[in-house]
Amino acid sequence: KRFKESLEPAKKWCAALDGGWSHRGYTARMMTLVVRACEAGKVIVVIPLQKDLYAERTGDSGTLEECKVRPGNYVGSSKGMEGHAIVEAFNVLDQAGLTAHLHTVVADEDGALH
């Protein structure tokens, strides 16, 4: 059953959210934000972000060249990824009509929310 359909009319709900990075530090290239409904224990939204992936190769002239291996969907600092993903997640929730009854957001203090 879809989460929105499982909500009783006018029932308030709580969202717990957190982002996980590909690794610690300021050079993380990937991050995934998960938004979960606290009471229902269901994952409601997942926002994966990734920076462009580049690799070096030897060009025809014998010099090293940087080439894009895979395009990403995020441009900016690793620190800013969580904030960007939160905005995207709330846009998805709003388009689905789920923000009208959202009463509480629970998050840790390691990213963009504190």
Side-chain angles (χ1 to χ4, degrees):
K1 196 174 192 183
R2 303 190 86 195
F3 178 70
K4 184 177 178 183
E5 295 164 356
S6 71
L7 280 177
E8 297 171 22
K11 182 176 179 185
K12 301 289 185 182
W13 69 283
C14 166
L17 52 91
D18 196 15
W21 284 261
S22 54
H23 61 275
R24 289 178 175 256
Y26 297 103
T27 60
R29 303 197 64 73
M30 291 188 260
M31 186 277 248
T32 302
L33 180 86
V34 176
V35 178
R36 186 176 63 85
C38 300
E39 296 91 348
K42 295 181 179 181
V43 173
I44 306 302
V45 178
V46 176
I47 305 290
L49 295 179
Q50 178 177 314
K51 296 179 184 182
D52 290 344
L53 178 63
Y54 291 90
E56 288 185 342
R57 68 179 179 109
T58 305
D60 296 335
S61 63
T63 60
L64 282 179
E65 300 174 344
E66 194 175 70
C67 60
K68 189 184 294 189
V69 175
R70 184 175 49 232
N73 62 350
Y74 174 78
V75 176
S77 69
S78 299
K79 184 178 181 181
M81 285 178 138
E82 189 172 45
H84 182 86
I86 289 168
V87 170
E88 284 194 28
F90 274 85
N91 286 337
V92 171
L93 291 169
D94 196 43
Q95 289 173 5
L98 292 173
T99 55
H101 299 295
L102 178 62
H103 71 85
T104 305
V105 176
V106 180
D108 58 18
E109 295 184 350
D110 68 351
L113 285 181
H114 70 280

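The structure displayed is predicted, hence computed values, not measured ones.
- No side-chain heavy atom of T32 sits less than 4.5 Å from a side-chain heavy atom of I47.
- Using a 4.5 Å heavy-atom threshold, the side chains of I86 and L17 count as touching.
- Residues V92 and I44 are members of one and the same hydrophobic cluster, defined by side-chain heavy-atom contacts under 4.5 angstrom among Ile, Leu, Val, Met, Phe, Trp and Tyr.
- The shortest distance between side-chain heavy atoms of L33 and D18 does not fall below 4.5 Å.
- Using a distance-only test at 3.5 Å, with no hydrogens or angles considered, a donor-acceptor pair links the side chain of E39 to the main chain of C14.
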Apply side-chain contact (heavy atoms from CB on, under 4.5 Å) to V45 and L93, showing your working.
CA-CA 8 Å; V45 178; L93 291 169; 3.6 Å; yes
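- Considering all non-hydrogen atoms of both residues, K12 and H103 come closest at CB-CD2, 3.2 Å.
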Checking R57 against L64 for the side-chain contact (heavy atoms from CB on, under 4.5 Å) test, could you report, in this order, the C-alpha distance in whole Å, the side-chain angles of both residues, the deciding distance, and whether it holds?
CA-CA 5 Å; R57 68 179 179 109; L64 282 179; over 6 Å; no
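- Side-chain contact check for D52 versus Y74: every heavy-atom pair is 4.5 Å or farther apart.
- Using a 4.5 Å heavy-atom cutoff, the side chains of V69 and Y54 are not in contact.
- Rounding to the nearest 0.5 Å gives a distance of 12.5 Å between CZ of R36 and NZ of K42.
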Assess the residue pair M31 and H84 against the criterion (side-chain contact (heavy atoms from CB on, under 4.5 Å)); give the C-alpha distance rounded to whole Å, side-chain angles, the decisive distance to 0.1 Å, and a yes or no.
CA-CA 11 Å; M31 186 277 248; H84 182 86; over 6 Å; no
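- What you find for F90 and V105 is that their closest heavy atoms are CZ-CG2, 3.8 Å.
- E88 contributes atom CD, which lies 10.5 Å from atom CE of M81 (distance to the nearest 0.5 angstrom).
- Between atom CD of residue E82 and atom CG of residue D108 there is a gap of 6.0 Å, rounded to the nearest 0.5 Å.
- Side-chain contact between S77 and K79 is present, with heavy atoms from C-beta onward closer than 4.5 Å.
- One distance of note links CH2 of W13 with CG of L98; it measures 5.5 Å at 0.5 Å rounding.
- The closest side-chain heavy-atom distance from V35 to V43 is not below 4.5 Å.
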Could you walk me through whether S78 and K51 satisfy the side chain to side chain donor-acceptor pair (under 3.5 Å) test, starting with their C-alpha distance in whole Å, then the side-chain angles of each, then the deciding distance to 0.1 Å, before giving a yes or no?
CA-CA 9 Å; S78 299; K51 296 179 184 182; 3.1 Å; yes
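- The shortest distance between side-chain heavy atoms of L49 and W21 does not fall below 4.5 Å.
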